[in-house]
**Student:** 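Got a structure for you, questions after.
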Amino acid sequence: MFFTLPLKNQVNSIYDRAKAVFKDENVGLLHSDADLKLLNSDDVKEGERERIIELSHYLSYPVIVATGDQIFPSALRYPGYERIYATLSYSRLVIDEVQAYNPKAVACIVKLCKDISKLGGKFLLMTATLPSFVRKELENLEDLEIIDLYEEYSDTIKHRIQMVL
């Protein structure tokens with residue numbers, strides 16, 4: 001499973017939480033400053049930092065928490081992208097806070113989700129505010145299940161404005 005978030009501090013927080021759920025030896029961290037996070041971590045033993053970083057780069061952990069920039073550019077099919085695609089073909093990709101990415105990154109996310117679906121992989125796109133163009137692009141995928149927890153509240157009046165003179 002890959003759990004992606006847009007910001008490193010969010011990834012670091014989820015990494016700590018994931019270790020508590022999946023056990024330390026099953027969770028990898030993948031972002032540009034992962035070595036600094038692990039260096040400053042009290043619960044990582046000396047000598048384990050390099051191993052965690054190396055295995056994360058090789059996508060070898062059962063659970064990898066990463067920033068999107070480590071995974072999504074593979075949709076552009078740069079040299080060596082096959083390693084990520086091969087892994088995603090049998091993995092689960094969780095993409096959280098999609099609205100926080102810039103439009104170009106969101107285009108990569110949509111393309112990657114389409115490709116993963118064709119390869120037999122699974123993805124979960126979680127967000128409180130899914131851009132409508134993303135939903136429109138993904139609606140035609142086979143086996144797509146859309147769960148909108150806010151749909152039943154669409155008629156709810158959230159604000160009442162009263163003019164007092």
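Remember, predicted model here, so these are calculated numbers, not experimental data.
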**Student:** Which pair of non-hydrogen atoms, one from G68 and one from P73, has the smallest distance, and what is that distance?
**Tutor:** O-CD, 3.7 Å
**Student:** Measuring from K19:NZ to R17:CZ, what's the distance to the nearest 0.5 Å?
**Tutor:** 13.5 Å
**Student:** Centroid-to-centroid, F72 to Y101, below 6.0 Å?
**Tutor:** yes
**Student:** Taking C-beta and beyond as the side chain, do L125 and V134 meet within less than 4.5 Å on heavy atoms?
**Tutor:** yes
**Student:** Specify the closest pair of heavy atoms between E139 and L144, including all atoms of both residues, with the distance to one decimal.
**Tutor:** CA-CD2, 3.6 Å
**Student:** Decide yes or no on side chain to side chain contact (heavy atoms under 4.5 Å, CB included) for V94 and M126, but give the supporting numbers first.
**Tutor:** CA-CA 7 Å; V94 178; M126 295 191 315; 3.9 Å; yes
**Student:** Within a strict 4.5 Å, meaning less than it, do heavy atoms of the F3 and V63 side chains meet?
**Tutor:** no
**Student:** I14, L7: one ILVMFWY side-chain cluster at the under-4.5 Å cut-off?
**Tutor:** no
**Student:** Any donor-acceptor pair under 3.5 Å linking the side-chain atoms of Y61 with those of N26?
**Tutor:** no
**Student:** In the structure I gave you, are the side-chain heavy atoms of L138 and F123 within less than 4.5 Å of one another anywhere?
**Tutor:** yes
**Student:** Do the side chain of T87 and the main chain of R83 share a donor and acceptor less than 3.5 angstrom apart?
**Tutor:** yes
**Student:** Please determine whether residues Y90 and Y81 belong to a single hydrophobic cluster, defined as Ile, Leu, Val, Met, Phe, Trp and Tyr linked transitively by side-chain heavy-atom distances below 4.5 Å.
**Tutor:** no
**Student:** Any chain of hydrophobic side-chain contacts (each under 4.5 Å) joining V110 to L76?
**Tutor:** no
**Student:** Contact between N12 and H31 at the side-chain level, heavy atoms closer than 4.5 Å - yes or no?
**Tutor:** yes
**Student:** Distance from I116 atom CD1 to S91 atom OG, nearest 0.5 Å?
**Tutor:** 8.5 Å
**Student:** Check C108 against A75 and note the closest heavy-atom contact, atom names and distance.
**Tutor:** O-CB, 3.5 Å
**Student:** Return yes if a side-chain donor-acceptor contact under 3.5 Å exists between E97 and T127, otherwise no.
**Tutor:** no
**Student:** If you define the side chain from C-beta out and look only at heavy atoms, does anything of L112 sit under 4.5 Å from L88?
**Tutor:** yes
**Student:** How far does CD1 of I109 sit from NZ of K111, to the nearest 0.5 angstrom?
**Tutor:** 14.0 Å
**Student:** Compare every heavy atom of A18 with every heavy atom of V27, then report the nearest pair and how far apart it is.
**Tutor:** CG2-O, 3.7 Å
**Student:** I want to check something: taking the side chain as every heavy atom from C-beta on, are F22 and P62 in contact at a cut-off of under 4.5 Å?
**Tutor:** no
**Student:** Within a reach of under 6.0 Å around CZ of R77, are more than 12 heavy atoms found that belong to other residues, nucleotides or ligands?
**Tutor:** yes
**Student:** So does K114 pair up with E137, basic N to acidic O under 4.0 Å?
**Tutor:** yes
**Student:** Any side-chain heavy atom of I84 within less than 4.5 Å of one from E82?
**Tutor:** no
**Student:** Any side-chain heavy-atom pair from L124 and R92 closer than 4.5 angstrom?
**Tutor:** no
**Student:** Given the rule in the side chain to side chain contact (heavy atoms under 4.5 Å, CB included) test, do F2 and L30 qualify, once you have shown the distances and angles that lead to the verdict?
**Tutor:** CA-CA 10 Å; F2 293 89; L30 188 59; 5.6 Å; no
**Student:** Please determine whether a side-chain nitrogen of the Lys or Arg among K8 and D69 lies less than 4.0 Å from a carboxylate oxygen of the Asp or Glu.
**Tutor:** no
**Student:** Using the side chain to side chain contact (heavy atoms under 4.5 Å, CB included) rule, take I64 and L59 through it: C-alpha gap first, then chi angles, then the decisive distance, then the call.
**Tutor:** CA-CA 7 Å; I64 294 180; L59 312 176; 4.2 Å; yes
**Student:** Begin from the C-alpha positions of T4 and L93 and carry the test side chain to side chain contact (heavy atoms under 4.5 Å, CB included) through to its verdict.
**Tutor:** CA-CA 8 Å; T4 61; L93 173 63; 3.9 Å; yes
**Student:** Grab the two heavy atoms, one from A86 and one from S89, that are nearest each other, plus how far apart they are.
**Tutor:** O-OG, 2.6 Å
